[in-house]
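Report on the following structure.
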Amino acid sequence: MTPEPPYRFDQTHMAADVVAAFDSLEPGAESGQSVSVAGRVMLHRHQGKLDFAELRDSSGAVQLFAGTGWTGAFDGFTALSLGDWVGATGEVVRTRRGELSVKVADWVLLAESRRGFGDKWKGVTDVDTRYRQREVDLWANEDSRRTLLARSRLVSETRRFLEERRFIEVETPTFHPVVGGADARPFVTHHNSLDVDLYLRIEEEIYLKRLVVGGVERVFEIGRVFRNEGLSPRHNPEFTMLELYQAYADYTDMMAISEELVAHLAQELTGGTVVEYAGRPVDLTPPWRRAPMAELIEESIGRPADLSCDLEDLRRVASDHEVPFEARWGPGKLMLEIYEKTTETNLWDPVFVCDYPQEVSPLARVHRSRPGYVERFEGVVVGRELCNAFSELTDPDDQRTRFEAQVQEKLAAGNSDARVDEDYLRALENGLPPTGGLGMGIDRLVMLLTGAQSIRDVIAFPTLRPEAGRP
RNA sequence: GGGGGCGUAGGUCAGUGGUAGACCAGCGGACUUUUAAUCCGUGUGUCGAGGGUUCGAUCCCCUCCGCCCCCA
């Protein structure tokens with residue numbers, strides 16, 4: 001019979017604190033000080049009238065040392081299973097073999113682990129189990145705990161970094177009446193009492209820029225966005241995006257803040273700005289290379305593929321490089337596809353890929369000196385997009401024209417959800433000052449700085465096929 | 001949707017055309033300073049599911065399911 005567990009337990013020390021505070025205790029010595037610790041039993045060694053257990057809490061681990069001569073309910077203690085939660089009180093001692101220990105006088109079972117234990121040496125390696133039962137993964141695998149903590153620190157440091165620069169954090173709606181400006185399929189849901197369909201947001205930018213119109217000159221949001229697309233090691237249908245908007249700034253300011261933020265986070269999390277990913281060094285030290293997309297494509301494939309080429313040239317380049325394309329695509333879309341298929345994945349060290357075709361960038365302002373292009377960049381690291389930024393389009397008439405073209409394009413692509421966002425156009429008519437905007441994928445940033453190969457390793461509960469549905 | 005890989009005990013993994021093994025965990029026992037403790041004893045299972053070939057299938061073949069990776 002298992003007694004009812006207590007409702008609370010007074011913990012005086014974390015395991016790591018005990019180990020640190022009594023560092024100087026000699027082997028065989030007793031401190032005379034009693035502590036109470038709590039956590040899970042991770043290893044257990046019974047030896048006749050003695051019993052040793054490794055107790056782990058969120059700070060680390062400390063050994064529990066029980067014996068018939070000093071431990072209440074000793075037989076019960078020896079019967080503890082791996083994974084059981086225990087609270088224990090006793091004097092801090094160091095054993096003759098030198099292990100700092102709590103010499104257990106009293107102890108209490110806080111919860112049983114009824115469902116077996118992973119391999120105590122290898123943990124749990126089955127990826128399906130690790131993702132479906134993250135609670136098991138977390139207590140069995142040190143790497144999993146480290147990643148979770150790194151993510152928490154990264155988000156926390158990001159807030160601090162931005163707040164120090166006078167950015168204000170806000171929360172904008174997750175339900176959008178109109179699909180946003182990014183190029184992604186939305187999830188659709190329905191509000192019963194309003195009897196309207198709503199879309200889960202695919203980005204945060206529209207509402208954030210409306211706040212800039214309202215006078216919030218530096219604003220950011222760290223929030224969940226949703227894209228109804230496939231799963232892959234780099235894509236989860238819901239993921240976390242940082243977006244920030246800064247009045248009176250342009251995309252060059254966004255480059256500066258991007259590289260400073262990433263370098264700062266790398267420093268905080270890894271102790272330096274050169275990190276290792278997939279066995280290769282990545283130098284995140286600012287300043288990052290800045291190069292027009294057209295230049296990078298030509299570097300990669302040895303011939304130009306940009307808006308100075310005519311449509312037939314671009315189609316030929318696409319064909320030569322096995323880039324599939326559709327007849328209705330204009331030169332800008334072709335150029336972007338060629339870039340993505342031939343160039344992007346080869347960019348290892350960070351580079352700001354600048355000056356996108358206007359055709360594929362409905363929310364970015366036209367380039368001040370390069371016709372056909374907009375002032376937009378993506379920060380690419382280890383061959384992946386990490387962030388995306390513009391000098392924001394502020395002209396309501398131009399914005400309307402772009403939205404209408406985008407809606408036509410989406411309808412042509414079979415997307416019946418496309419509509420012009422009249423609310424946003426009305427907001428622009430109230431005046432958006434020159435503004436720089438930046439979006440950064442938090443999940444991919446955590447991957448980069450923790451070495452994770454899959455986005456599922458940095459999301460506590462990634463999207464999975466439901467287990468139910470088996471016959 | 002196409003290609004490749006994987007699926008064996010609670011965990012980590014071997015293995016064979018003659019219905020299965022190791023270690024750990026579990027259970028019983030010994031042990032007063034252990035460190036993945038050790039030692040003795042002990043049980044593990046629809047070998048992912050279904051069908052086929054075969055005297056006989058966990059193994060070979062087919063279909064399906066699930067997971068991972070690559071591609072679209």
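So you know, we letter chains A, B, ... as the sequences are listed, proteins then strands, and number each from 1. Please read all numbers here as calculations on a predicted model, not as lab measurements.
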*Inspect the contact between A:Glu375 and A:Arg365 and indicate whether a charged nitrogen and a carboxylate oxygen are less than 4.0 angstrom apart.*
no
_Under 4.0 Å from OP1 or OP2 of B:C67: is there any side-chain N or O of A:Arg132 that close?_
yes
*Look at all strands and tell whether A:Arg130 reaches a base, only sugar-phosphate, or nothing, counting heavy atoms closer than 4.0 Å.*
nothing
*What about A:Glu99: does its side chain form a donor-acceptor pair under 3.5 Å with the base of B:U35?*
yes
_In whole Å, I'd like the distance from the NZ atom of A:Lys103 to the P atom of B:U32._
16 Å
*Has A:Gln47 got a side-chain N or O lying under 4.0 Å from the OP1 or OP2 atom of B:A37?*
no
*Which letter, B, S or -, goes with each nucleotide of nucleotides 3-14 of chain B from 5' to 3', with contact meaning a protein heavy atom under 4.0 Å?*
--------BSS-
_Between B:U35 (P) and A:Arg94 (CZ): distance, integer Å_ = 17 Å
*Report which part of the nucleic acid A:Leu50 touches: base, sugar-phosphate, or nothing (heavy-atom distance under 4.0 Å, all strands).*
base
*Whole angstrom is fine here: how far is it from NE2 in A:His235 over to P in B:C69?*
13 Å
*Start at the 5' end of RNA chain B and walk down; is the nucleotide closest to A:Gly98 or to A:Leu82 reached first?*
A:Leu82
_Base-pair map of RNA chain B as dot-bracket, where | denotes pairing with a different strand and pairs are Watson-Crick or G-U under 3.5 Å_ = (((((((..((((....[..)))).(((((.......))))).....(((((..]....)))))))))))).
_For atom CZ of A:Arg45 and atom P of B:A37, their distance in whole Å_ = 5 Å
*Take atom CZ of A:Arg56 and atom P of B:A36, then tell me their distance rounded to the nearest Å.*
15 Å
*side chain to side chain contact (heavy atoms under 4.5 Å, CB included) with A:Arg201: which of A:Glu205, A:Glu204, A:Glu203?*
A:Glu204
*Write down the distance between CD (A:Gln63) and C1' (B:A37), rounded to a whole number of angstrom.*
11 Å
*asked:* Heavy atoms only, 4.0 Å cut-off, all strands: where does A:Phe65 land among base, sugar-phosphate and nothing?
replied: base
